[in-house]
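First up is the structure itself, then whatever we jot down about it.
Remember, predicted model here, so these are calculated numbers, not experimental data. Start at 1 and go down the list; that is how both ligands and their atoms are numbered.
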Amino acid sequence: MGTVHIVGAGLAGLSAAVRLTEAGRRVVLYEGAPQAGGRCRSFHDAALDRMVDNGSHLALSGNRSLLGYLERVGASDALTELRPAAFPFLDLGNGERWCLRPGGLWLFDTARRVPGSRPADYLAALRTLTAGPGASVADALPPGGPLYERLWRPLAVSVMNGAPERVSARLFGAVLRETLLRGEAACRPLFAEKGLSAALVEPAVAWLTRHGAELRTGARVDGLERAGERVAALSVDGERIALGSDDAVVLAVPAWIAGRLLPEAVPISANGRAIVNAHFRLPAPIDLPGGLPFLGLVGGTADWLFRRGDVLSVTVSDADALATLPADAVAATLWRDVARALGTPGAALPPHRIIKERRATPDQSPVHAANRPGPQTALKNLVLAGDWTKMGLPATLEGAVRSGEIAAQAVLTAGITTFSRLGLFPAFTLPRRGPI
Ligand SMILES: Cc1cc2nc3c(=O)[nH]c(=O)nc-3n(C[C@H](O)[C@H](O)[C@H](O)COP(=O)(O)OP(=O)(O)OC[C@H]3O[C@@H](n4cnc5c(N)ncnc54)[C@H](O)[C@@H]3O)c2cc1C
């Protein structure tokens with residue numbers, strides 16, 4: 001059996017690597033950055049003297065591919081689950097607070113719903129499940145009504161990283177179908193309390209190393225050499241790495257890099273949307289209003305606050321405009337929201353670090369969603385993976401892991417003809433795929 005060369009060690013590449021290694025394939029991962037993790041990583045910030053994440057990430061207990069990936073690498077306890085599910089919110093405009101507590105007969109309990117909403121208002125979510133491929137979230141869930149500004153809009157912006165008018169209703173509906181609509185047990189928030197790398201990346205890298213896979217960091221693939229319908233060699237920082245006749249490639253880089261390496265396989269534009277994060281180091285740990293480790297905000301610039309020890313992190317999605325401002329201006333704007341949320345308006349700006357991920361997620365408009373490529377390409381020994389490929393979900397941790405699994409299965413399926421006669425073909429089952 002040949003080697004599988006995986007380009008990119010983000011969650012998509014790592015999840016493909018785990019599946020392929022598990023299936024007995026030899027795997028080599030090439031990662032251009034000095035560390036694995038891609039858009040989901042932690043680093044030590046010297047100014048704050050703390051480990052911080054490139055951006056606070058929230059997963060949900062319905063993310064079964066992500067949880068399966070963690071289980072496989074022996075890290076089932078890596079994420080902390082908030083049980084029962086609860087989503088606290090604060091309106092910065094009028095100070096009103098509420099906590100969404102899905103589960104059981106929650107829609108019939110005013111204390112567990114958005115203030116002023118009625119049970120029937122929530123049924124509108126079902127419209128995203130039957131939305132046409134061209135529909136945006138705002139087409140399915142139009143502005144107006146008590147839930148738009150306080151639930152659908154904040155949810156769509158944070159899940160899809162784009163305004164409801166611009167992002168695909170189908171992709172959003174796929175998330176609702178796998179989480180909120182499956183009940184409380186599927187929508188418990190999951191946090192990486194010790195950081196993204198410690199929870200989601202390092203356990204996989206350790207598992208892969210233990211099982212014989214090779215991770216080459218600082219190894220940028222800058223070209224694919226073709227011979228007919230196959231990739232004959234990779235160029236890694238200019239060095240030619242020849243592929244054997246049984247070797248395969250999983251290209252698990254972001255859309256904008258894949259578009260450069262293999263333009264014909266990426267029929268979607270390379271645009272991405274920004275997410276801005278601010279990390280504030282406080283003099284001491286604090287409790288957020290609502291008493292939970294995170295808090296949703298409406299009526300300001302900040303979208304979410306996350307508390308980890310004495311570091312308070314702010315996330316702003318769909319943040320292209322904010323990302324054009326200088327870091328000091330971003331910090332001042334976001335700190336104003338934080339100080340108001342904490343009931344200390346005018347509090348002095350603490351030490352901070354601003355991280356602008358200008359291409360945090362790919363374009364998730366209906367047009368792009370409908371044109372996502374599947375794993376197969378015209379090159380017989382190369383498949384695609386990544387949060388921008390066709391796997392039925394938006395660009396999220398869950399989507400990235402699932403895309404890696406789909407790519408791994410495509411590699412293994414392609415090997416059927418070569419290996420089935422020898423009884424070597426290993427198979428695994430994928431979760432049911434969505435409509436996209
Ligand atoms: C700030 C921020 C907040 C987010 N919040 C959430 C959240 O709360 N919940 C959620 O579910 N998702 C969230 N996401 C989305 C999630 O992080 C991504 O969808 C996911 O990490 C993408 O994984 P990937 O493997 O597809 O791509 P990537 O993580 O981008 O991995 C691709 C890898 O390829 C490497 N690479 C690129 N070019 C080359 C090359 N030429 N040669 C070799 N290697 C190369 C890159 O360095 C990278 O490591 C967030 C993203 C960001 C940026």
Side-chain angles (χ1 to χ4, degrees), residues 5-17 28-41 52-60 62-63 65-66 69 79 155 157-161 175 178-179 189-192 196-197 200-201 204-205 215-224 234-237 249-262 272-279 294 303-304 306 313-319 323 354-362 364 384-389 391 393-404 406-407:
H5 303 262
I6 301 182
V7 185
L11 279 236
L14 289 171
S15 107
V28 180
L29 277 146
Y30 304 86
E31 169 52 55
Q35 67 183 97
R39 279 169 279 155
C40 163
R41 65 187 186 281
V52 295
D53 293 334
N54 66 316
S56 304
H57 280 54
L58 191 70
L60 295 173
N63 293 162
S65 294
L66 179 68
Y69 156 85
L79 294 172
L155 217 55
V157 168
S158 49
V159 171
M160 305 287 297
N161 192 25
V175 173
E178 296 196 6
T179 56
L190 301 171
F191 307 93
L196 293 172
S197 292
L200 303 177
V201 180
V205 170
L215 168 64
R216 299 186 191 168
T217 51
R220 181 159 301 277
V221 172
D222 49 30
L224 304 171
L234 303 178
S235 168
V236 183
D237 294 316
V249 178
V250 177
L251 192 58
V253 295
W256 37 95
I257 307 289
R260 261 185 252 154
L261 290 170
L262 202 62
R273 303 291 294 179
I275 296 181
V276 171
N277 265 257
H279 299 291
F294 73 119
D303 292 333
W304 294 95
F306 292 86
S313 304
V314 180
T315 297
V316 187
S317 298
D318 192 24
I354 302 297
I355 302 170
K356 301 172 183 174
E357 285 272 11
R358 292 182 194 275
R359 282 169 158 176
T361 58
Q364 309 208 72
L384 300 172
D387 64 354
W388 54 280
T389 58
M391 54 33 203
L393 292 170
T396 50
L397 298 171
E398 176 73 359
V401 169
R402 201 168 295 179
S403 78
I406 291 169

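- Using a 4.0 Å heavy-atom cutoff, Ala252 is listed among the residues neighbouring ligand 1.
- Arg39 NH2, 2.9 Å is the protein heavy atom nearest to atom 27 (O) of ligand 1.
- Rounding to the nearest 0.5 Å places OG of Ser158 at 5.5 Å from CH2 of Trp304.
- Between Leu397 and ligand 1, a contact under 3.5 Å exists for at least one N or O pair.
- Ligand-side atoms of ligand 1 in range of Pro254: 30 (O), 32 (C), 37 (C), range being under 4.0 angstrom from any heavy atom.
- At a heavy-atom distance under 4.0 Å, no atom of Asn63 approaches ligand 1.
- Closest heavy-atom approach to atom 21 (O) of ligand 1 within the set Cys40, Gly404, Ala274: this belongs to Cys40.
- Classified by interplanar angle (parallel below 30°, tilted 30° to 60°, perpendicular above 60°), the ring pair Phe191/Phe306 is perpendicular.
- Here's the thing with Leu58: one of its N/O atoms is less than 3.5 angstrom from an N/O atom of ligand 1.
- Counting heavy atoms closer than 4.0 Å to ligand 1, residue Thr396 contributes atoms from both its backbone and its side chain.
- Ranking protein heavy atoms by distance to atom 47 (O) of ligand 1, first place goes to Glu31 OE2, 2.5 Å.
- Checked by distance only, ligand 1 and Gly13 stay at 3.5 Å or farther apart across all their nitrogen or oxygen atoms.
- Below 4.0 Å from some heavy atom of Tyr30 lie the following atoms of ligand 1, by number and element: 43 (C), 44 (N).
- Under a 4.0 Å criterion applied to the non-hydrogen atoms of Gly32, ligand 1 contributes the atoms 43 (C), 44 (N), 45 (C).
- Looking from atom 13 (C) of ligand 1 to the surrounding protein, the closest heavy atom is His57 CD2, 3.3 Å.
- The closest protein non-hydrogen atom to atom 34 (O) of ligand 1 is Gly8 CA, 3.2 Å.
- With a 4.0 Å cut-off on non-hydrogen atoms, Ser56 touches ligand 1 through its backbone and not its side chain.
- Atom 25 (O) of ligand 1 has Ala12 N, 2.9 Å as its closest protein atom, hydrogens excluded (heavy atom only).
- Note: no N/O pair closer than 3.5 Å links Ala400 and ligand 1 by distance alone.
- Under 4.0 angstrom from ligand 1, there are no non-hydrogen atoms of Ser403.
- For a threshold of 3.5 Å applied to N or O pairs, the pair formed by Asp387 and ligand 1 contains at least one separation below that value.
- In terms of N/O distances under 3.5 Å, ligand 1 is approached by Val221.
- Asp53 pairs by the salt bridge (charged side-chain N to carboxylate O under 4.0 Å, His left out) definition with Arg308, not counting sequence neighbours.
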